[in-house]
Each structure stands twice: as structure tokens, then as C-alpha cells.
There are 2 protein chains.
Amino acid sequence: MAKPSNRDKILAEGLRVVHAHGFAGSGVRDIVRAAGVPQGSFTNHFASKEAFGLEIIDLYLARGRDTMKATLLDDTQPPLARLAAYIDFQKDRQSQNGMRNGCLFGNFAAEASESCDSIRLRLVDVFGEVQTAMTYCLRAAVKAGELPADFDCEETAGFIVSSLQGANLLCKTHRDSAPIDRFKKVLFEKVLR
Amino acid sequence: MAKPSNRDKILAEGLRVVHAHGFAGSGVRDIVRAAGVPQGSFTNHFASKEAFGLEIIDLYLARGRDTMKATLLDDTQPPLARLAAYIDFQKDRQSQNGMRNGCLFGNFAAEASESCDSIRLRLVDVFGEVQTAMTYCLRAAVKAGELPADFDCEETAGFIVSSLQGANLLCKTHRDSAPIDRFKKVLFEKVLR
């Protein structure tokens, strides 16, 4: 296996640093130090900190796509079980770090400001992609008879995407998984019927 | 009326700057410049940036308390109408700035990291206070017969607080109020019945 390049190291370690400390809260110096590469390496590989931010969003999204494939989009499993598995997966991943970091997309969304509009627009696409996968799963649930025929899949998918972001945020604040558990319970007992 | 002190100016303008650019994204220099006071004034009045952060959270909370009093806690109005008014108020306030800034509490929550644990703990209290007001309103709805007697007010209140944070976050990302509208629709049509 090829040794990771300085670029790969900066992306992998930079993602970790930004996830823990926020985008504005992570200086280029912190990132190159964590990656163990010289400071000049950052400017060699990234035109700006914003360009780097867009790349770590893509890296995090690649992981999110694997999760969606294994849950929401997996046609071999019953649809609502896939949705439950997706939520559990979010919870488990965040639990690995004591619920300290939240969702990278949510963190970026909260930090977004006029000065980094390219990042905000990238997040619009990312949340749209998750919502599309969620809609696909809910439509499959309608087809399978797990939800009524007139169920509004697109609207509910949007509701789930935003409510799950809020639950992630509260989990991070409380360092406790209760907000995700509560969301999942209300979702399955009240909304998905 | 007394002229605002430098301390008041720093708090009022600092809140505006941090709300627009994030806490880590707002330097002390940006804050004093916006307040039109000398840089030394900041260190005269605040022991640290973190201490200043806690004070702007309190200032923002004072406004939030006014909203809660006028909506969730206003016993002269029907309970579920008060909850609807609370959500509309959140939406209107954020619309004033083209949905650019989101909720200050949510932004702080997303930025929270190990280095500012006092802020995270303050947010636990803040979200708890909102949840208590929400629970009060839902219990009033049960008493008024607007919700069934066995309705789980506390759990639903927690669900509303976190989901509303998520809706705020998505509104900020999309610069559009659709996520709050969608949340309100699902809440009233599916959860509150």
C-alpha cells in the first residue's frame, strides 16, 4: 500500500481537528501540526482554507454515502428498518467520541457566514443528497405497505433531515444520546404511521 | 436616558457580530471595532473572551424569555396557539436578516468544544429552560383538552426543542424558511394529536 501523501495526511487529520474544534476554531497551524507536515505543505496543496474546508466536507460525505448505501438505499432490507438503522448508525458514530463532536455538516452549517458562501452552498447539496436518499427509503416503505399510500415522503424526508441535525446538536451539548433516542421514538410512534 | 456605557456597547454590538460570524470567527478586534470603543475597553470589562461569550448568551436569553412569556407561558391564550405563535416568532425573527444567522444558541452549541466547557454547560441550562416552558405549554394543552390525557409532554417538549434547532440550522443553510414551515406542519398534523 502506498504511503499516504502529505495531502492525504492534511485531509485526514484536518477533518479530525475541524470536527473537534470547529472550522474557524482550527488554524492552519493546528492542522499541519496534527498532520505532522511542514506548514508550507498546506499552501502547496490547497488554494485557501475555504478550498480545504470543501475537501473535508467531501471526505466526510464519502463516509456518509457508505452509511446511506448500507442503510437507506439497501433494497434487500425492509424500508423502515433501514431508516431505523440509519439513525442508529448516526448515534453510534457520534457515541464513539462521547458525543463531543456532533455532525460535521451541522457544525459547518452553524458556522456558515457571508465570508464562506461556497461552503454554505456545498451544504445545500449535501443535505439535499441525504434528503433524496431518505425520500427513496420512505417511498420504498409506501410500496412495501409499511406506510399509507398517500404518505408525503418528500416532506417527511426533509423533516427527518432537519430534526436529526437538531438532535445531533443537542446530543453534542448534553454529551448524551437521549435527544437522538427521543427523536427516533417520536418519529416512529407518531410521524411514520 | 443614560448614554450606553462601553460595556453595554460591546455586549450589544458583540452579540450582533458573533451572531453573524460565529464565536471563534469573531475576534476581539472585530467586536471593539463594531462597538466603536478602544480595544483596552474589552479587557477592562471582560476577564476573557469566554466570559464575554457567557454574557452575550444571557443577553440573547433575556430576549428569548420575553418571547416565551408572550407565547408559551401566556395563560390568557389557548395553549397550542401559543406554541404555534412561539414557532412563528422564531421564524419571523430570523427572517429579519434573510435567515442568515440562525439561532445564537444553536450556533454556540455547534461550535462548543473542550476548550469552552463553561459555554456548553450554560447552553444545557438554556435549552433546559426552553424545554421547561414548552412542557408547561403542552401540559396546559392537556388540561384544556387540546391534547389527550396520556400525552407525554416532557418527551415531546424535548423533541420540539431539538427539532426546532435543526429547522433553524437548515433555514440558515438554505436562507429560506421552508424547514421551519415543514417542521411546524409535521408537528401539528402528526405529533400533536
Side-chain angles (χ1 to χ4, degrees), chain A residues 19-26 100-103 105-116 119-121 123-124 126-128 131 152 154-176 178-180 182-183 185-187 189-193, chain B residues 19-26 100-103 105-116 119-121 123-124 126-128 131 152 154-176 178-180 182-183 185-187 189-193:
Chain A
H19 203 176
H21 302 284
F23 189 56
S26 306
R100 275 171 165 74
N101 293 347
C103 167
F105 300 139
N107 297 351
F108 263 108
E111 282 199 66
S113 70
E114 309 292 304
S115 53
C116 267
I119 286 183
R120 183 183 69 78
L121 292 170
L123 294 171
V124 168
V126 166
F127 289 134
Q131 186 172 337
D152 191 336
E154 203 150 345
E155 177 179 85
T156 308
F159 162 82
I160 295 173
V161 169
S162 82
S163 297
L164 196 51
Q165 280 299 326
N168 286 334
L169 200 61
L170 271 283
C171 285
K172 178 175 168 168
T173 308
H174 289 271
R175 296 217 178 132
D176 181 24
I180 288 188
R182 191 192 292 130
F183 164 66
K185 186 163 183 281
V186 173
L187 175 67
E189 289 181 3
K190 301 277 181 74
V191 180
L192 299 175
R193 38 184 280 173
Chain B
H19 203 175
H21 301 285
F23 189 56
S26 305
R100 275 169 165 75
N101 293 347
C103 167
F105 301 139
N107 296 351
F108 262 108
E111 282 200 66
S113 69
E114 309 292 306
S115 52
C116 267
I119 287 184
R120 183 183 68 78
L121 292 170
L123 295 170
V124 168
V126 167
F127 289 133
Q131 186 172 337
D152 191 336
E154 202 150 347
E155 177 177 85
T156 308
F159 162 82
I160 295 172
V161 170
S162 82
S163 297
L164 196 50
Q165 280 299 327
N168 285 334
L169 200 61
L170 271 282
C171 285
K172 179 174 168 170
T173 307
H174 289 270
R175 295 216 178 131
D176 181 24
I180 288 189
R182 189 193 292 132
F183 165 66
K185 185 163 184 280
V186 173
L187 176 67
E189 289 183 2
K190 302 277 181 76
V191 180
L192 299 175
R193 40 184 279 173

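We use all heavy atoms of the structure for the numbers below, so side chains are in, but hydrogens, waters and symmetry mates are not. Labels below follow one simple rule: chain letters A, B, ... track the order of the sequence lines, proteins then strands, and each chain is numbered from 1. Everything numeric in this text was worked out from a predicted model, so none of it was measured.
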Considering only heavy atoms and a distance below 4.5 Å, find which of [options] pairs most often with chain A.
options                               : result
B:Lys190, B:Glu111, B:Glu189          : B:Lys190
B:Gln165, B:His174, B:Glu155          : B:Glu155
B:Gly128, B:Gly158, B:Gly166          : B:Gly166
B:Gly106, B:Ser26, B:Gly22            : B:Gly106
B:Cys171, B:Ala24, B:Ser163, B:Ala110 : B:Ala110

**Report entry** Reported CG-to-CD1 distance for the pair A:Leu192 and A:Ile160, which is rounded to 0.5 angstrom
**Finding:** 5.5 Å
Query raised in the report: Rounded to the nearest 0.5 Å, how far apart are CZ of B:Arg100 and CZ of A:Arg120?
Result: 7.5 Å
Report task. Mind listing the closest non-hydrogen atom pair of B:Ile119 and B:Phe108 along with its distance? Result -> CG2-CD2, 3.7 Å
Query - Shortest non-hydrogen separation from A:Asn101 to A:Ala20 and the atoms involved - result: OD1-CA, 3.6 Å
**Report entry** Option that, when pairs with chain B are counted at under 4.5 Å, heavy atom only, ranks first among A:Thr173, A:Leu121, A:Val191
**Finding:** A:Thr173
Query raised in the report: Where does B:Val186 contact chain A at under 4.5 Å (heavy atoms): side chain, backbone, both or neither?
Result: side chain
Query raised in the report: With a 4.5 angstrom heavy-atom cut-off, which part of B:Phe159 approaches chain A: side chain, backbone, both or neither?
Result: both
Requested in this report: Determine, stepwise, if the pair A:Leu164 / A:Phe183 fulfils side chain to side chain contact (heavy atoms under 4.5 Å, CB included).
Outcome: CA-CA 7 Å; A:Leu164 196 51; A:Phe183 164 66; 3.9 Å; yes
Query - Side-chain heavy-atom pair A:Leu170, A:Arg182 within 4.5 angstrom cut-off - result: no
